[in-house]
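Notes for the one structure printed next.
Quick note on labels: first sequence line is chain A, next is B, and so on, each numbered from 1. Remember, predicted model here, so these are calculated numbers, not experimental data.
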Protein chains: 4
Amino acid sequence: MDSPLNNREIASRKRREQVLDAAAACFVERGFHQTGMREIAKRASVSLGNLYNHFPSKHDMLIGLAELELSSVDPFVEMLMRNVRPSVCLREFTRAYFQHCSDHDAAILYLDIAAEAMREPDIAERFLQARSTLAEALTSLLFKGVESKDFGPSIVDTSTADLILDLIEGAAARGSIDASKPDMLMASIEAMVFAALRH
Amino acid sequence: MDSPLNNREIASRKRREQVLDAAAACFVERGFHQTGMREIAKRASVSLGNLYNHFPSKHDMLIGLAELELSSVDPFVEMLMRNVRPSVCLREFTRAYFQHCSDHDAAILYLDIAAEAMREPDIAERFLQARSTLAEALTSLLFKGVESKDFGPSIVDTSTADLILDLIEGAAARGSIDASKPDMLMASIEAMVFAALRH
Amino acid sequence: MDSPLNNREIASRKRREQVLDAAAACFVERGFHQTGMREIAKRASVSLGNLYNHFPSKHDMLIGLAELELSSVDPFVEMLMRNVRPSVCLREFTRAYFQHCSDHDAAILYLDIAAEAMREPDIAERFLQARSTLAEALTSLLFKGVESKDFGPSIVDTSTADLILDLIEGAAARGSIDASKPDMLMASIEAMVFAALRH
Amino acid sequence: MDSPLNNREIASRKRREQVLDAAAACFVERGFHQTGMREIAKRASVSLGNLYNHFPSKHDMLIGLAELELSSVDPFVEMLMRNVRPSVCLREFTRAYFQHCSDHDAAILYLDIAAEAMREPDIAERFLQARSTLAEALTSLLFKGVESKDFGPSIVDTSTADLILDLIEGAAARGSIDASKPDMLMASIEAMVFAALRH
DNA sequence: TATGAATGAGCCTTCATTCAT
DNA sequence: CATGAATGAAGGCTCATTCAT
């Protein structure tokens with residue numbers, strides 16, 4: 001009869017999520033350092049003190065968010081590993097990942113996390129881990145594409161995947177800031193990526 | 001007759017610069033919001049109150065820095081407008097600009113300014129202005145290259161310059177975080193850029 | 001029939017002691033006001049909420065400790081009432097009590113309790129009661145010693161016992177702070193006490 | 001014309017004193033750890049933030065107080081070094097110092113400082129320094145008294161002065177707590193001290 | 001122009017205690 | 001009796017900014 005225990009655990013987990021959501025919303029609206037714990041508490045409908053039953057510090061909330069961010073790339077990794085023609089797979093990935101990175105709120109939060117990562121090693125760690133997982137999957141795909149003659153061999157090396165990601169992320173982030181037409185941007189990105197992989 | 005006034009003016013300008021340098025150093029070290037005015041004052045060897053004789057607020061210091069950042073792209077704009085073969089010009093620019101963006105401190109500061117720009121329109125304004133100036137110059141070069149058949153025509157449109165800049169900046173920024181080998185990265189970027197411009 | 005109840009009672013009493021020990025250790029290490037209930041709970045291997053099943057408040061823990069302190073003088077009272085030559089008895093008592101007061105942890109706790117007693121009447125009550133019990137016993141011994149001509153009569157009055165205790169306690173407390181040689185100190189105290197009681 | 005500078009300096013010093021007085025009053029009333037910075041600020045008629053222009057931390061206020069305490073023994077040291085008959089000098093000192101230590105507020109503050117000294121080395125340092133200065137002066141007097149045959153030689157050693165101080169301080173502190181008749185106490189102390197120094 | 005004391009709102013965090021489970 | 005999530009007031013301290021000198 002572990003259900004009462006589980007109930008409590010579930011409730012606690014829910015609260016944690018609640019808090020994390022509130023924190024994310026606040027950080028997006030006002031930035032990590034401008035957001036006060038009181039704001040987060042109010043937004044999460046939780047008492048100030050209780051915040052600390054779920055996260056030992058504000059910093060740890062950001063870590064929590066960074067980890068969420070980390071796990072948000074999982075579907076893209078999966079997408080890259082599907083057994084379809086590399087060029088098709090890449091095209092789909094590019095579109096989907098660009099869409100994902102173009103989300104305005106996520107982009108803002110991403111920037112804040114990145115900025116914090118420059119000063120806080122434990123944030124950087126999470127940050128880079130997600131990135132390298134993705135890059136590795138993409139690298140695999142690229143090499144598979146070269147082998148299957150889907151892509152030209154000339155310029156594919158271990159940095160290429162990273163650069164493609166840099167390009168997608170950078171363009172998406174900038175696009176979400178100055179709010180230019182994302183469709184056109186998407187097309188241009190695709191063109192550039194595939195130009196790089198031509199025979 | 002106005003020479004004593006000029007001396008004062010010069011001295012004041014020097015102080016301003018002194019303060020701005022100190023602010024930049026502090027922002028790089030601890031971030032904009034973590035840095036206190038006292039810290040800046042101490043680092044600039046200026047009294048706390050005197051800070052406000054040179055900048056009306058902390059926010060204005062960041063604007064000052066953003067403007068400095070803005071003017072730091074001037075040489076690159078000039079570089080892009082020189083009358084040399086577009087492909088040569090582009091190669092040189094790519095290298096120089098990547099180098100420029102790879103500076104660790106500058107990258108950190110850049111990130112902080114960008115993060116602030118998401119919430120503060122007057123920062124965003126300066127931020128985007130510098131970017132679009134550069135993008136315009138690069139676009140000109142690309143079209144010139146297409147005209148002169150230096151570059152293939154296929155994919156060059158008004159977004160291409162922005163994407164190239166996104167790529168360079170994104171790669172440089174990431175490189176300055178995880179400190180991987182910049183030389184290899186540079187070569188890969190060049191390859192990708194020129195692949196995109198092939199006939 | 002009442003044995004299960006007794007078992008529970010015993011277990012509870014054990015827990016109470018456990019908690020009190022933990023509290024004492026914490027108070028010694030960090031002081032009464034610096035110590036948090038969570039700290040005590042952790043040290044006692046008891047849940048935070050359960051603390052309140054044994055003591056209604058933090059304050060009551062200090063009272064509990066003060067009462068323990070109170071009862072720690074019982075053996076000394078007994079020692080003073082033994083039927084041996086007063087001078088011998090006094091000498092033994094002086095040594096034993098000095099030793100007792102010289103314990104570093106006990107001295108720290110004692111000081112904290114005393115400081116709290118200045119503001120909290122119920123602490124003060126316990127605190128002074130223990131003291132006066134001891135002083136009365138010592139006074140009896142002194143008068144017995146005067147009667148039996150063991151001690152000179154000149155200066156023995158109702159304050160003398162208190163002063164002797166002040167001397168022993170004060171010296172022990174100071175000794176436990178600056179950690180000078182306790183043996184020498186002990187000898188000097190004895191000399192001074194007996195000098196005061198000479199014929 | 002350094003008067004304007006001095007004026008400011010004087011004002012600042014006055015404020016510091018003001019704050020220290022307020023802190024002392026608060027610490028006496030409610031204890032060091034119970035007193036909040038806001039209380040001190042209010043009592044000193046100073047803004048909360050400004051407190052920190054005069055003391056870097058609450059801890060430093062206690063140090064300031066401990067140093068004041070330290071300097072409060074100076075007149076007693078002088079008294080002990082006057083060129084009068086040792087026995088007369090000692091009697092006067094005993095009375096004066098007892099009176100000094102009997103002050104209720106000072107005793108309370110003293111206890112708080114002592115309690116803090118057990119955990120904070122920099123408090124202990126100040127605390128013990130004042131004590132040893134006094135003890136040294138008293139030791140000198142005692143030896144002078146032995147030489148001049150004012151005092152019997154038997155028990156005077158390097159600990160004696162400390163013990164006399166322990167006695168006076170301990171008795172005064174206790175007296176200020178349970179508020180028994182100080183005059184009688186004073187007489188008993190004197191008797192005990194001089195009994196210890198008899199031929 | 002230059003100084004740094006002064007302001008009080010705000011910071012993150014910890015507190016003793018309660019109470020549903 | 002046992003648990004630990006929940007509460008919100010209070011903790012010490014820092015903040016950007018002002019202003020008398």
Side-chain angles (χ1 to χ4, degrees), chain A residues 3-5 7-9 11-12 14-16 33-42 45-61, chain B residues 8-9 11-12 15 33-42 45-61, chain C residues 8-9 11-12 15 33-42 45-61, chain D residues 3-5 7-9 11-12 14-16 33-42 45-61:
Chain A
S3 112
L5 192 75
N7 278 350
R8 272 223 243 167
E9 245 178 59
S12 181
K14 211 168 171 176
R15 271 269 206 267
R16 204 193 121 97
H33 290 290
Q34 275 90 335
T35 299
M37 293 302 263
R38 280 164 176 81
E39 273 173 83
I40 299 172
K42 193 163 287 178
S45 303
V46 156
S47 79
L48 174 60
N50 196 18
L51 243 44
Y52 289 85
N53 285 322
H54 298 281
F55 294 92
S57 76
K58 195 187 179 187
H59 180 84
D60 289 280
M61 284 187 187
Chain B
R8 268 221 246 166
E9 241 178 62
S12 179
R15 269 268 209 270
H33 290 289
Q34 275 88 337
T35 299
M37 294 301 262
R38 278 169 167 80
E39 238 170 310
I40 299 171
K42 188 165 288 178
S45 305
V46 157
S47 80
L48 175 60
N50 197 17
L51 239 46
Y52 288 83
N53 290 323
H54 299 283
F55 295 91
S57 77
K58 191 186 176 189
H59 181 84
D60 288 282
M61 284 186 188
Chain C
R8 268 223 246 164
E9 239 178 65
S12 177
R15 268 268 209 271
H33 291 289
Q34 276 87 335
T35 297
M37 293 301 263
R38 278 169 167 80
E39 238 169 309
I40 298 171
K42 189 163 287 176
S45 303
V46 157
S47 80
L48 176 59
N50 197 16
L51 240 47
Y52 288 84
N53 288 323
H54 298 284
F55 295 90
S57 77
K58 192 184 176 190
H59 181 84
D60 289 282
M61 284 187 188
Chain D
S3 111
L5 192 76
N7 278 349
R8 273 226 242 166
E9 245 178 59
S12 181
K14 210 169 174 176
R15 270 270 206 266
R16 203 192 122 98
H33 290 290
Q34 274 90 334
T35 298
M37 293 304 263
R38 282 160 179 83
E39 273 172 82
I40 299 172
K42 193 162 286 178
S45 303
V46 157
S47 78
L48 172 61
N50 197 19
L51 242 44
Y52 290 85
N53 285 323
H54 298 282
F55 295 91
S57 76
K58 194 186 180 188
H59 181 83
D60 288 279
M61 284 186 187

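- The shortest side-chain heavy-atom distance between C/Asn53 and C/Arg15 does not fall under the 4.5 Å cut-off.
- Taken from NE2 in D/His54 to OG in D/Ser12, the straight-line distance is 5.0 Å, to the nearest 0.5 Å.
- A distance of 10.0 Å separates CG in D/Asn7 from CD in D/Glu9, rounded to the nearest 0.5 Å.
- With F/dG12, E/dA16, F/dA2 as the candidates, the nucleotide lying closest to the side chain of C/His54 is F/dA2.
- Nearest to the side chain of B/Ser47, among F/dT21, E/dT17, E/dA2, sits E/dA2.
- In DNA chain E, runs of at least 3 consecutive Watson-Crick or G-U pairs, each pair with both distances below 3.5 Å, span E:2-21 with F:2-21.
- In this structure, CG of A/Asn53 is placed 14 Å from P of E/dA16, rounded to the nearest angstrom.
- Within the nucleic acid shown, C/Ser57 comes within 4.0 Å of sugar-phosphate atoms alone, with no base atom in reach, counting heavy atoms only.
- Each of C/Asn50 and B/His59 has a nearest nucleotide on DNA chain F; the 5'-most of these lies closest to C/Asn50.
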Identify all pairs in which a protein N or O lies below 3.5 Å from an N or O of nucleotides 9-11 of chain E, and state each distance.
| residue | atom | partner | partner atom | Å |
| --- | --- | --- | --- | --- |
| E/dG10 | O6 | D/Arg38 | NH2 | 2.7 |

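- Both D/Arg15 and B/Ser12 lie close to DNA chain E; mapped to their nearest nucleotides by heavy-atom distance, the more 5′-ward contact belongs to B/Ser12.
- Here the C1' atom of nucleotide F/dC19 and the CG atom of B/Leu51 are 15 Å apart, to the nearest Å.
- An OP1 or OP2 oxygen of E/dA5 is reached within less than 4.0 angstrom by no side-chain nitrogen or oxygen of D/Arg16.
- Taking atom OH of residue C/Tyr52 and atom P of nucleotide E/dC19, one finds them 13 Å apart after rounding to whole Å.
- The nearest whole Å value for the distance from the CG atom in D/Asp60 to the C1' atom in F/dG12 is 13 Å.
- For the pair A/Met61/A/Met37, a side-chain contact is recorded, criterion being any heavy-atom separation below 4.5 Å from C-beta on.
- What separates CD of A/Glu9 from P of E/dT21 is a distance of 16 Å, to the nearest Å.
- In this structure, CD1 of D/Ile40 is placed 12 Å from C1' of F/dG11, rounded to the nearest angstrom.
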